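To start, the structure itself, in structure tokens.
Just so it is clear, the model here is predicted, and its values are computed rather than measured.
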Amino acid sequence: GLDTDMQFKTLYYDLFSKELSEKIRSSVKQIKSNGKNINWAAPFGYIKDPKDKYHIIIDDKTAFIVKEAFDLLLKGYSCIQVANIFNKKGYITRSERKEELKLSDYTNNLITGSKVKKRFWTNASISQISSNELYTGDYVFNKYKDTRIGGRKKILLPEEEWKIIPNTHEAIISREVFDKVKKI
């Protein structure tokens with residue numbers, strides 16, 4: 001009888017953990033569908049609202065950099081050219097700003113253990129900024145679907161399945177500018 005008991009327990013735990021991750025998933029979905037930003041850090045250009053941890057507000061120190069990135073891209077500059085301009089101007093980078101906001105401490109370079117002095121703007125960082133829908137003031141979710149429960153793989157869903165809640169926070173970029181840049 002021990003064997004069937006064991007099998008039953010395994011089945012039970014299996015179902016239980018599946019049900020649990022479904023529950024967790026749907027509560028995360030619930031929070032998201034209320035337009036609450038549950039990311040641990042606000043995107044570059046914003047800071048967490050001290051009065052409401054689910055809300056983001058404009059970061060005066062960095063929002064203009066985001067605006068400028070979009071302006072330059074609209075004028076036909078490439079991501080790498082924009083990165084070079086920002087490096088010449090000595091603009092604060094995303095990780096430096098995170099460090100300042102004490103959200104993450106990247107001061108030690110993991111590989112060498114040495115202090116990292118200056119970080120640089122890269123092609124990738126500009127490209128990520130230019131494709132972040134949050135800058136339009138809209139909150140977009142349901143863009144990805146996890147392939148398995150607890151799986152690390154994400155599949156990008158077709159745009160018509162995305163959920164958008166307009167104006168959940170102050171916009172840095174107009175929707176019009178964002179869409180133009182997206183086309184480029």
Side-chain angles (χ1 to χ4, degrees), residues 16-71 73 79 82 86 91-108 119 121-122 124-182:
F16 181 71
S17 67
K18 276 205 178 72
E19 194 187 341
L20 193 64
S21 35
E22 279 304 328
K23 279 204 175 101
I24 292 170
R25 256 219 210 125
S26 67
S27 69
V28 166
K29 261 213 169 91
Q30 189 49 51
I31 293 175
K32 284 184 174 175
S33 61
N34 293 335
K36 295 187 187 302
N37 188 349
I38 55 170
N39 299 337
W40 62 277
F44 186 77
Y46 290 103
I47 46 174
K48 286 249 162 144
D49 185 342
K51 295 189 281 295
D52 174 4
K53 65 173 177 180
Y54 291 126
H55 190 238
I56 53 177
I57 53 178
I58 298 251
D59 176 10
D60 294 327
K61 188 166 182 180
T62 56
F64 76 94
I65 300 175
V66 173
K67 259 203 183 75
E68 197 171 319
F70 277 90
D71 287 345
L73 291 166
C79 287
V82 174
F86 286 4
Y91 282 170
I92 188 167
T93 61
R94 296 186 301 174
S95 44
E96 285 167 330
R97 184 61 177 136
K98 260 187 196 157
E99 211 167 83
E100 277 190 357
L101 295 166
K102 288 284 175 283
L103 282 174
S104 49
D105 182 16
Y106 294 138
T107 45
N108 283 324
R119 299 202 181 68
W121 283 95
T122 62
S125 48
I126 299 296
S127 146
Q128 279 165 354
I129 283 178
S130 73
S131 58
N132 192 341
E133 209 102 17
L134 277 171
Y135 292 128
T136 63
D138 297 347
Y139 181 64
V140 180
F141 63 104
N142 206 46
K143 281 172 85 160
Y144 297 96
K145 178 174 163 243
D146 294 334
T147 46
R148 325 186 289 280
I149 291 185
R152 280 270 160 263
K153 285 230 184 302
K154 285 182 183 304
I155 302 168
L156 186 62
L157 293 168
E159 247 177 88
E160 49 279 7
E161 285 183 41
W162 296 2
K163 308 261 191 292
I164 297 183
I165 303 173
N167 311 318
T168 53
H169 51 279
E170 206 182 326
I172 295 180
I173 302 299
S174 73
R175 171 57 69 176
E176 188 191 3
V177 166
F178 184 84
D179 289 339
K180 273 188 187 146
V181 167
K182 192 168 150 189

One should read off an interatomic distance between E133 CD and I173 CD1, to the nearest 0.5 angstrom, of 12.5 Å

Side chain to side chain, W121 and I129, heavy atoms closer than 4.5 Å: yes

Consider only side-chain N and O atoms of T122 and S125, and report whether a donor and an acceptor are under 3.5 Å apart. yes

Of all heavy-atom pairs linking I92 and T62, the shortest is CG2-CG2, 3.9 Å

Are the side chains of E100 and R97 in contact, using a 4.5 Å heavy-atom criterion? yes

Minimum heavy-atom separation for I57 to P50, with atom names? CD1-CD, 3.9 Å

If you measure from CD on E68 to CG on L73, what distance do you get to the nearest 0.5 Å? 10.5 Å

Would you call the rings of Y91 and F86 parallel, tilted or perpendicular, where under 30° means parallel and over 60° means perpendicular? tilted

Do L134 and Y139 have side chains that approach each other closer than 4.5 Å (heavy atoms only, starting at C-beta)? yes

Y46 vs I58, side chain to side chain contact (heavy atoms under 4.5 Å, CB included): CA-CA, chis, key distance, verdict: CA-CA 4 Å; Y46 290 103; I58 298 251; 4.3 Å; yes

Nearest non-hydrogen partners of F178 and N132, listed with the distance: CE1-O, 3.4 Å

Between atom OH of Y135 and atom NE2 of H169, what is the distance when rounded to the nearest 0.5 Å? 9.5 Å

Which heavy atom of G45 sits nearest a heavy atom of A63, and at what distance? O-CB, 3.8 Å

I56 side, atom CD1; K48 side, atom NZ - distance, nearest 0.5 Å: 9.0 Å

Is any side-chain heavy atom of T136 closer than 4.5 Å to a side-chain heavy atom of D179? no

List, one per line, each side-chain donor-acceptor pair under 3.5 Å for residues 159-166, sequence neighbours excluded.
residue: E159; atom: OE1; partner: K182; partner atom: NZ; Å: 3.4
residue: W162; atom: NE1; partner: L157; partner atom: O; Å: 2.9

